[in-house]
Amino acid sequence: MKRFLSCIISLVLSVSSLFADIYVVHSCSGAGKDTIVSAVCDILKGIHYVPRITTRAIRANERNGVDMTFVDKKKFAIMESKGEI
């Protein structure tokens, strides 16, 4: 599976690198976004993952600041007003 992902990722990035420096991986929950992002970061050095910021509660298997950054709604609004988000 990892080899297949490697081929697909290489193909997509070789074409799309002509157009953008930021890539967004978007899909429904449980679709494998983190698996794809992890594979990209392993395969292509220089690609960096930026953890998302959310106001939802942290889940048991998640780590704050690694998987996502968890803040309350007040902190989120402050960050947004300062242009940090």
Qualifying salt bridge (Lys or Arg N to Asp or Glu O under 4.0 Å) pairs, either residue in residues 71-81, two or more places apart
none

Residues two or more places apart in sequence or in another chain: which of them pass side chain to side chain contact (heavy atoms under 4.5 Å, CB included) with Ser81?
none

Checking side chain to side chain contact (heavy atoms under 4.5 Å, CB included) between Ser38 and each of Asp42, Thr35, Ile36, which is the one that passes?
Asp42

Report the residues that fulfil side chain to side chain contact (heavy atoms under 4.5 Å, CB included) with Ala77, sequence neighbours left out, ordered by chain and then residue number.
none

Tell me, which pairs form a salt bridge (Lys or Arg N to Asp or Glu O under 4.0 Å) where one or both residues lie in residues 52-71, sequence neighbours left out?
Asp34-Arg52, Arg56-Glu62, Arg63-Asp67

Going by side-chain heavy atoms closer than 4.5 Å, which hydrophobic residues are tied to Ile58, directly or by a chain of links?
Met68, Phe70

Quick one: name the residues clustered hydrophobically with Ile53, using the 4.5 Å side-chain heavy-atom rule over I, L, V, M, F, W, Y, and just say none if it's on its own.
Val71, Phe76, Met79, Ile85

Check: Lys33 side chain, Ser27 main-chain N or O, donor-acceptor pair, under 3.5 Å
yes

In the structure I gave you, are the side-chain heavy atoms of Thr54 and Thr69 within less than 4.5 Å of one another anywhere?
no

